[in-house]
Amino acid sequence: MLLTVRRASPIINTVCPGPVKTNLSRHFTSRSIFHQGLVALITVRSLSPEEGARALVLATTTTPAENGKFVTAFISDADYAKYAIPLEA
């Protein structure tokens, strides 16, 4: 009896959740005007960690037909295709 081994092909996608509010800079103690402006911008413009995680979850739920997809919360697939540089085979 001959057994055939079928290998699963991984689905590889790239993910960019965009700016996400995290506490990564908690040890940064600068009080410069630049730092305060950056903190204000991040507070206003960034996503919550839960919202940022949605892009990661979305990338894990793709199908084999979507292999190589760029997943982000800020741009649609149609807009990405319009601006992306095509890969040469």
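Source: prediction; values computed, not measured. Values below: all heavy atoms of this structure, side chains included; hydrogens, waters and symmetry mates excluded.
Looking only at side-chain heavy atoms (C-beta outward), V57 and R54 stay at 4.5 Å or farther from each other.
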Show, in sequence, the C-alpha distance, side-chain angles and deciding distance for V71 and T14, and conclude whether the side chain to side chain contact (heavy atoms under 4.5 Å, CB included) test is met. CA-CA 6 Å; V71 179; T14 55; over 6 Å; no

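Judged by distance alone, the side chain of Q36 and the main-chain N or O of I33 form no donor-acceptor pair under 3.5 Å. In this structure a side-chain-to-backbone donor-acceptor pair under 3.5 Å is present from N13 to G68.
Residue I11 holds its CD1 atom at 10.0 Å from OG1 of T60, rounded to the nearest 0.5 Å.
When all heavy atoms are compared, the tightest approach of A55 to P17 is CB-CA, 4.1 Å. When all heavy atoms of K69 and T62 are compared, the pair lying nearest together is CD-CG2, 4.5 Å. Nearest approach of K21 to P49, heavy atoms of both residues: O-CG, 3.2 Å.
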